[in-house]
Each structure stands twice: as C-alpha cells, then as structure tokens.
Amino acid sequence: MSNTTNSDDISVSSDFSNASLSHLKKNKYVYNEEPILEGSKTLDSQHTNTNFDPEANIREDLTRALQPRHINMISIAGIIGTGLYLSTSKSLHQGGPASLFMNYTILGGVVYLTMLCLGEMSTYMPISGSFCSYARKFGSESFACALMWNYWFNDAVSVASDLTALQLVLDYWKSSDNHFPYWAASLLFWFFVLLLNVISVKLYGEAEYWLALLKVIAIIIFFILGIVVNVGHNPQHEYIGFKYWTHGDAPFVDGFKGFASLFVSASFAYGGTESITLTNGEAFNPVRNTPKVIKTVFWRILVFYVFSTFFIAMCIPYDYPGLATKSVMTSPFTLVFQMAGAKGAGSFMNAVIMTSVISACNHALFAGSRILYNMGLDGYLPAKFVSRTNRHKAPYVAVIITWAVGGLCFGASFVGAGTLWTWLQNIVGVSNQIAWWCIAITSIRFRKGLEKQGKTHELRFKNWTYPYGPYFLVVFVTFIILIQGWSAFDPWNVSNFFSVYLELFVFPVIYLIWWVWKRDWFVKYEDMDFETDKYVETTEIIELNEHLDNLKGWKKTKQVMSDYFI
C-alpha cells in the first residue's frame, strides 16, 4: 500500500481482523483485503525510516490486535462484575436505599473525572503501562513503583475475589441433593481464564466482547423487569413506588456512618474502569479510538451503575432477608428476576452473573499481567524474565505469575467464602481509590510539564475539567479514603479496620523502600520525557481516519455498528 492510495478506495470493514486471516503476517493487519498499518510496524516499503513508524519510540513489543468493537464493548460493560452484582446487596442493607443511590452517583462522578485525566494522557501515549508508566515519567520512580505494586496486587487480588465470588453465586443452586464442590468450579474457571490470556490478546478480546454483550443485554432486561416489579407484578401484587425509601430506618440507615461505609464497596464495583486504558498498548489506531472510549464512560456510569442502583433501591427493602449474610450473598439482580417470574428466571440471572464474574476475572488477569510486564520494562523486575512474550506477542510470563497469585482464592475453602470475599472486596476497593488519587496527581504534573515545555498544543484529547477536576479528585479521594472506615471505630473492630486501611500502609511502605534504595525525587517539569512512548500517526493512519471521519449516511451507520457491535 503506497502513500498515493486514494482514501476513497479504502473500503470499510466491520472488523479489521475478519477480512482475511490469510493476509496476516506477523504484525500485519488488513482493512477489507488491503494491508493496513498494524501499529507497531510499518507496512509501506517507503516508510522503513523510523521517522514514519508510529511506535518507533515505544518500548513495548505487543501486537495491536484489539479492534474498536473489542475496546468499545469492554469499555461499556467489560469490567461490570461482582461489585455491581453482589456487593450492592450488602451496601443496601448497610446504608439504605438513598445512601446506595447517592454513593454510587458520587463515585460515578469521581470515576468520570479520573477517566478524563487518564484519557488525555493515554491518547498522547497509548501504551499498556498506562497510568502506572505515566507515574514514572511524570512523577518519580518511587511513586511509580508504589503504584505499580499496588495496582498489580489489586488485580491479582481481584482474580482471587472474583473466583471466590463464583462460589457465592453457585450457592444459589445449593440444595440437599446438590453437593458439588465449589472449589472445583473455581479451579476449572481459574484454568479457563489462563487459557484466554496466555495465548493471544485477540482470544482475550473476543471472549470479553461476547461476555460483555451478554451483560449489556441482561442489565437492559433487568431495567424492564424492575419497572414491571415496581408497578405491581411482585409476590405482594401491589404497587411499590418509593415505599421502601421510607420503610423502617430508610432512606439513610445508620446515618452518615452507614453512608460513608459504602464508599469502599462502591469503589470496588467501579474498579477496573481506569484499567481499560491498559488495552491501549494492543489497540488498533489508538489515537482515534481512545477518545471514543473515554466519551462513553459518562453514559456507561449513568446507565449501568446509577440506573441499576436506582432500580435496586426501589424494588428491594434494605432489610430483605439474606442481604447481609456472609455465607451467601443474595444478588439484588437475581431477586428482581425472581419477583418478576419463577425460580427459572432467577436461575437465568444467576447464570448471567456467573459469566460476569468470569468476565471480570478475565479482565483483572489481563490488566494485572500488563502492569507486571511494564514493571519489567521500567526496571522494577528482571525484564528478561517478566517481560518475555510468545510468538503472538502475549506477555505469557506476566500472565502466569499474576494467575498463580490469584490462586489465593482457594483459601476460601478454609476461611469461608463470604468472610474472605468481604476482605478482598475492601482491599481492592481502597486500592482502586489510591489508583484514582495517583492518576489525578500524575495528570496535574503531566499538564504542567507540557505547559513548561510548550507542548500543550500536541494534545489530541483534552481534559475539559483541568485544572479544577484533577485537584478536586486529589482532595475528595483523600477525604473518602479517610472516612470510609468509620464503622470500624464505632464499635471498634480489628478485622474491619485492617480490611479497609491495610492498603494505606502498603503503599507508603513500598514508596519508602524504593526511595531509600534509589533516593530519587519527582522529575522536574522541564526534564519530563514526552518523546519516549509517544505515538505518532503515519500517513496511512491519517488518511484512514480522514476517510472514516468523512463517511456519511449508511456508510457511517455501518461503520458505527462495526465499531461497537459487529
């Protein structure tokens, strides 16, 4: 394909990789039978000079096999899992309907501001290390070291928490005649997610696409059934409305203490939203597609989280039997399906939840392995071992290590699935908050560095809330981290205290250990490196994007459908 190719001659495909697998060569992709730049290598013989290679300065050696439909669907529903489906039940019991709805709405705003910060940086430098690598480039080695270990541990524990939650989901079908060992189910799916991640990133992308699509369909059905249940099709055969908002101690159960205690569980539910940018290192045409993903975050938060908690708060009372039980976490989604139909309807939703747990586990393993891979590239671990890739450019060593640590979920057989899952949920929730806090600080320094070096005009996507958004994040996230463990003090509970505040000890300790060894300081704005890992579009990519931007009518509709669904 030469530079003289007319953009009108470029036909639009529903999926770059579906055009013809026979055309693929190493890192080469096709766009409707025509070779197109893959992202890590140029295909034009005239572009052998590194000046034309969009990733000549990028250290990673990964394949950009994730297509727009993969990225968009993963961003829409890929990280929806145990947090939303399971932890909302306990949150409703602890804080009441108003606390649940308001808490998820407030945290949704926090996540949206975080993603704007992250979208700005990840469009400029679309790498799989994402915010962890940015923390090193625009912060310091010690800062990045603490964040990387924190977030990798977050993802490894998420693998464990998801597989532990799987046992809670399977509890729904428990009976006197059913003695299936739940640890065996965790073991089977543990190996299954390894298979999806260790071979090729395309296999991971395809699995996440279909699992996320199932979640989208199930939640839409949940909204419909939630309305049906509320208007009278329920066991009591009566109109519910907002009756449960004034039931008992509702709408705010246990006052501000109950409200504050929900921040950690809501953070667990929203966790992973920021990790969608970890796919940028393996995404086709990231400069065009990353801003699209970021722009969908607001609607995803509104529809899938805020609307879900609204319907849960309307249809289920906070004192519904089983919501606070540690042995079996009753999902509000399953309860609504049961109310609207028979046991079979509840079983259907529970099966969807089970696939969602697997999906969340799959994404956690992907995210954790990419962080570990970049820890090798950044010198925190031996790169020759940790950052090794297979012939499909998948970082298989990092995947296996993260997967093995996630095997801690089998400790649930001895601790008790409900008790362990609560601990894991709190640890991951606080870890997510620390990540958001670090992203905000990194974003502030990123923009100040660009301004100092006169490169702000190079931004392809700007955070419209800067500087107020990032500064608000730093202050507000600090506030919720400190107050969310209030319930552990009154009355005093050692277990709850450590489950909520353990990460606050781990993060600074790792920072200090690396700082004592390296004695490094935050990089000066004028010394920040904005060239290494920067993605530069080639002529082919520019022409392709211009062509896609100029599509009209049915062709534009067809392309939008292909980007998101087909």
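Counting from 1, the numbers follow the sequence of the chain as shown.
Counting heavy atoms from C-beta outward, F263 and L107 have side chains that approach closer than 4.5 Å. Proximity of P395 to R370: side-chain heavy atoms (C-beta onward) are separated by under 4.5 Å at one or more points. Looking at V157 and W152, their side chains never come closer than 4.5 Å, going by heavy atoms from C-beta outward. I427 is listed as a side-chain neighbour of F153, based on a closest heavy-atom distance under 4.5 Å. No side-chain heavy atom of Q484 sits under 4.5 Å from any side-chain heavy atom of S261. In this structure, the side chains of S130 and L118 come closer than 4.5 Å at one or more pairs of heavy atoms. A 4.5 Å side-chain heavy-atom check between E274 and N432 finds at least one atom pair inside the cut-off. Side-chain contact between L196 and E206: absent, with no pair of heavy atoms (C-beta onward) separated by less than 4.5 Å.
The SG atom of C315 sits 7.0 Å away from the CE atom of M339 when rounded to the nearest 0.5 Å. Here CG of L92 is found 5.5 Å from CG of L100. Values are rounded to the nearest 0.5 Å. In this structure, Q94 CD and S91 OG are separated by 6.0 Å, a value rounded to the nearest 0.5 Å. How far CG of L377 is from CG of D533: 8.5 Å, rounded to the nearest 0.5 Å. Distance check: L372 CG to C132 SG gives 11.0 Å after rounding to the nearest 0.5 Å. One finds the CD atom of Q338 at 8.5 Å from the CG atom of N350 (value rounded to the nearest 0.5 Å).
Other residues, nucleotides and ligands place no more than 12 heavy atoms under 6.0 Å from the CZ atom of F192. Annotation: F498, atom CZ; neighbour count of heavy atoms from other residues, nucleotides and ligands within 6.0 Å does not exceed 12. In this structure, W514 places its CH2 atom where more than 12 heavy-atom neighbours from other residues, nucleotides or ligands lie under 6.0 Å away.
Considering every non-hydrogen atom in both I510 and A146, the closest pair reads CG2-CA, 3.6 Å. Between V229 and N234, the shortest heavy-atom contact is O-ND2, 2.8 Å. When all heavy atoms of V386 and L381 are compared, the closest pair comes out as CG2-CB, 3.9 Å. Shown here for V477 and Q433, the closest heavy-atom pair between the two residues is CG1-O, 3.4 Å. Pairing each heavy atom of A340 with each of H233, the nearest pair is O-NE2, 3.0 Å.
Not one N or O on the side chain of N362 forms a donor-acceptor pair closer than 3.5 Å with the backbone of V357.
Aromatic ring orientation, Y270 versus Y104: tilted (interplanar angle from 30° to 60°).
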Evaluate side-chain contact (heavy atoms from CB on, under 4.5 Å) for S122 paired with Y134, printing each intermediate quantity in order. CA-CA 9 Å; S122 60; Y134 306 148; 3.5 Å; yes

Take K90 and S265, measure what side-chain hydrogen bond (donor to acceptor under 3.5 Å, both in side chains) needs, and give me the verdict at the end. CA-CA 9 Å; K90 187 177 180 181; S265 58; over 6 Å; no

Criterion side-chain hydrogen bond (donor to acceptor under 3.5 Å, both in side chains) on Y204 and H363, from CA distance to verdict: CA-CA 8 Å; Y204 155 80; H363 182 72; 2.7 Å; yes

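A donor and an acceptor atom, one from each side chain of D162 and S158, are nowhere located under 3.5 Å apart. Using modelled atom types, one finds no donor on one side chain facing an acceptor on the other under 3.5 Å when comparing S161 with Q425.
Ring to ring, Y380 and W149 are not that close: their centroids are 6.0 angstrom or more apart. Between Y244 and Y318, the gap from one ring centroid to the other reaches at least 6.0 Å. The ring of Y151 has its center closer than 6.0 angstrom to the ring center of F131.
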